Amino acid sequence: MGWTTERRTAGAEGAVPPCDDSGPGPRYKWIALSNTTLGVLIATINISIMLIALPDIFRGIGVDPLRPGNTSLLLWLIMSYMVVTAVLVVSFGRLGDMFGRVRMYNLGFAVFTVFSVLLSVTWMHGTSGALWLIGMRVLQGVGGAMLMANSNAILTDAFPADQRGLALGLNQVAGIAGSFIGLILGGLLGPLNWHLVFLVSVPIGLFGTVWAYLKLRDTGVRTPARLDWWGNLTFAIGLIAVLSGITYGIQPYGGHTMGWGNPAVIAAIAGGVAVLGLFCLIENRVAQPMFHLGLFRIRAFTAGNVASLLAALGRGGLMFILIIWLQGIWLPRHGYGFEETPLWAGIYMLPLTIGFLIAGPFSGWASDRFGARTFATGGMLLAAATFVALEELPVDFGYPVFAAILLVNGIAMGLFSSPNRAAIMNSLPPDQRGVGAGISTTFQNSATVLSIGIFFSLMIAGLAGSLPGALTHGLTSEGVPAGDATRVAALPPVGVLFASLLGYNPVKTLLGPQVLDHLPAHHAAYLTGRGFFPALISPPFSQGLSAAFDFAIAACLVAAVASSLRGGRYVHGGGPSGPSPPSPPGRGPGPPTEEPR
């Protein structure tokens with residue numbers, strides 16, 4: 001079903017067709033693909049680019065991120081961008097449906113670029129410098145949300161149904177690969193100058209902004225409507241409360257290793273869920289809702305989003321766990337200094353990205369011909385198998401086997417992601433593509449934040465049982481006074497995880513010079529060398545690792561079940577019985593028609 005057919009059957013009463021009746025030229029779809037892929041790539045690179053560069057950034061602004069009072073600064077620098085994009089993509093997708101997807105997308109490129117500049121020229125130090133960076137990351141995330149909310153809808157408008165799998169597959173792979181490319185860029189640029197971590201986005205943003213403004217055109221259907229203020233407000237407040245509660249739940253509270261018992265965390269999560277419930281009630285009652293809940297009556301849309309949510313739960317925290325595994329244990333045991341481990345962790349995880357790049361375009365192309373169900377379901381089953389294989393590896397693994405498992409995991413996620421996103425977008429009425437893409441991205445980004453909370457919690461729970469005793473015994477055996485050893489062992493395990501994540505020498509950081517300077521030189525050298533800490537943490541780390549991988553296996557298997565229930569190949573308005581009924585303003589889409597494979 002090409003663009004002209006979709007325009008005739010598009011949908012909503014009162015919809016505004018594209019202003020140019022001649023339609024886009026034959027080359028336009030490739031212009032749209034290349035520009036939106038660049039936009040999604042730079043938006044997702046910035047999700048992870050700070051992760052490896054955080055030690056250099058904190059040194060640059062003069063903040064110790066491992067001091068108890070600074071833990072929240074560390075977490076919000078990591079999480080703020082993801083939280084903002086998760087919250088705003090639905091609203092910006094809806095605004096794209098109303099006022100033009102290209103208009104919102106172009107604005108997103110400009111906003112993203114402006115705040116990349118402001119991040120790169122940070123002049124403040126200390127806590128104020130950290131707060132400035134967090135604020136600018138939030139506003140940069142606004143631009144990223146505009147890009148991510150409208151890129152898939154622009155592509156779906158530009159490509160006919162029998163080519164969308166390939167187009168959306170390339171776009172989706174760029175988005176997922178960007179998260180891993182960001183690790184390497186951060187590791188390369190951070191040691192040179194931490195400002196470059198933010199500055200690198202500026203020329204790309206400027207080029208993309210001008211290119212998008214000159215070349216992209218709104219070819220889809222627009223449906224003018226009133227802005228649903230109450231829907232937007234309750235959705236934003238509810239989701240921010242839930243995601244903030246998850247973020248603070250990872251932090252210690254009182255004498256507890258984590259904050260899940262903190263009344264503020266419980267209130268934030270419970271209150272956020274209640275407000276999201278209110279959002280659903282509002283959306284069912286207003287004449288022109290922000291999001292048509294009736295879209296969930298489309299089986300392909302619902303099953304695809306549930307599968308995407310579960311896949312992101314399994315995959316989202318994996319990057320953090322693998323980085324901690326590599327930086328805290330494996331790389332030091334194989335001759336790398338702690339300060340070198342951030343960059344090399346990104347390099348050693350490249351097979352994962354290569355797997356995405358291999359499988360994503362192929363599976364997108366194949367799903368155009370054979371449907372999404374087989375590829376997406378098979379991808380999730382294969383991903384579950386790779387998590388089983390990772391769980392069976394010893395903590396001090398052989399790299400060729402580890403690399404092969406990462407490669408297969410990347411292939412599995414590529415097999416799932418491209419067909420699943422194409423199936424979701426194909427199922428949407430043309431006048432609902434922006435908001436539908438937004439809700440799909442919200443599912444994925446929110447699940448990533450939730451996954452980080454779950455993976456970290458499982459790791460911390462695994463460490464809390466045996467790490468204190470191991471630390472006490474290991475430190476006292478090397479001459480550390482019992483009082484200092486007990487003090488270090490009593491610190492929350494999250495400090496050990498963050499030290500590993502940041503590439504700090506954990507023992508040197510936790511003991512400090514006031515203890516190390518009073519030890520015999522050979523004991524101090526051994527404690528702060530590459531052998532003591534990795535050997536000490538390996539057994540308790542292995543317990544937490546097994547729990548985290550068990551969760552990932554379960555999430556992938558349930559995602560496979562959800563994916564298998566999506567039904568046959570379905571394109572909105574393209575079933576054998578003819579076009580679907582139009583979507584009147586304020587109502588959900590007409591009943592879908594299923595197209596058998």
Side-chain angles (χ1 to χ4, degrees), residues 43-61 63-87 115 119 122 127 129-141 144-145 178-187 189-190 194 197-198 201 240 242-252 258-259 312 315-324 326-328 341-342 345-346 349 444-457 459-460 492 494-504:
T44 52
I45 281 175
N46 274 270
I47 291 176
S48 61
I49 194 169
M50 281 185 58
L51 194 59
I52 298 297
L54 276 172
D56 300 294
I57 293 170
F58 276 112
R59 277 193 291 269
I61 62 175
V63 173
D64 178 5
L66 296 182
R67 291 184 60 184
N70 293 336
T71 305
S72 60
L73 299 177
L74 170 65
L75 276 173
W76 278 111
L77 266 176
I78 295 173
M79 307 283 272
S80 58
Y81 185 90
M82 288 186 281
V83 170
V84 171
T85 54
V87 168
F115 289 104
L119 278 163
T122 303
T127 302
L131 292 174
W132 169 269
L133 290 175
I134 292 169
M136 294 303 100
R137 283 285 283 177
V138 167
L139 294 170
Q140 187 190 45
S179 298
F180 294 95
I181 294 171
L183 298 176
I184 297 174
L185 280 177
L189 298 175
W194 67 270
V197 173
F198 306 112
S201 300
I240 287 172
V242 170
L243 298 182
S244 298
I246 292 169
T247 302
Y248 282 108
I250 304 171
Q251 300 183 50
M258 288 178 285
R315 183 187 67 236
L318 174 66
M319 181 168 63
F320 288 85
I321 298 302
L322 292 180
I323 289 172
I324 292 170
L326 288 168
Q327 292 184 191
T341 58
M349 287 172 61
Q444 185 170 307
N445 290 5
S446 300
T448 299
V449 176
L450 178 58
S451 177
I452 292 168
I454 292 171
F455 273 63
F456 265 91
S457 297
M459 292 298 303
I460 292 168
V494 70
V496 174
L497 287 180
F498 283 159
S500 300
L501 182 66
L502 294 169
Y504 287 14

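These figures come from a predicted structure and were not determined experimentally. Below, all heavy atoms of this structure are taken into account, side chains as well, without hydrogens, waters or symmetry copies.
The OG atom of Ser201 sits 5.5 Å away from atom CD1 of Ile49, with the distance rounded to the nearest 0.5 Å. Put simply, OG1 on Thr122 and CZ on Phe198 are 6.5 Å apart, with the number rounded to the nearest 0.5 Å. Residue Trp132 holds its CH2 atom at 8.5 Å from CG of Leu119, rounded to the nearest 0.5 Å.
Applying the salt bridge (Lys or Arg N to Asp or Glu O under 4.0 Å) rule to pairs touching residues 47-61 yields Asp56-Arg59, sequence neighbours excluded.
For Ile181, the side-chain contact (heavy atoms from CB on, under 4.5 Å) partners at least two apart in sequence or on another chain are Leu41, Ile45, Ala177, Leu185.
Between Ile323 and Met349 there is a side-chain heavy-atom pair separated by less than 4.5 Å. Side-chain contact between Leu54 and Ile78 is present, with at least one heavy-atom pair separated by less than 4.5 Å. Looking only at side-chain heavy atoms (C-beta outward), Asn46 and Arg137 come within less than 4.5 Å of each other. With a 4.5 Å cut-off on side-chain heavy atoms, Leu77 and Leu73 do not count as touching. With a 4.5 Å cut-off on side-chain heavy atoms, Leu133 and Phe58 do not count as touching. Side-chain atoms of Ser244 and Trp76, non-hydrogen and from C-beta on, do get closer than 4.5 Å to each other.
Here the closest non-hydrogen pair linking Ala312 and Ala447 is CB-CB, 3.6 Å. Scanning all heavy atoms of the two residues, the minimum distance from Gly144 to Thr85 falls at C-CG2, 4.3 Å. The nearest pair of heavy atoms linking Ala86 to Leu243 is CB-CD1, 4.0 Å.
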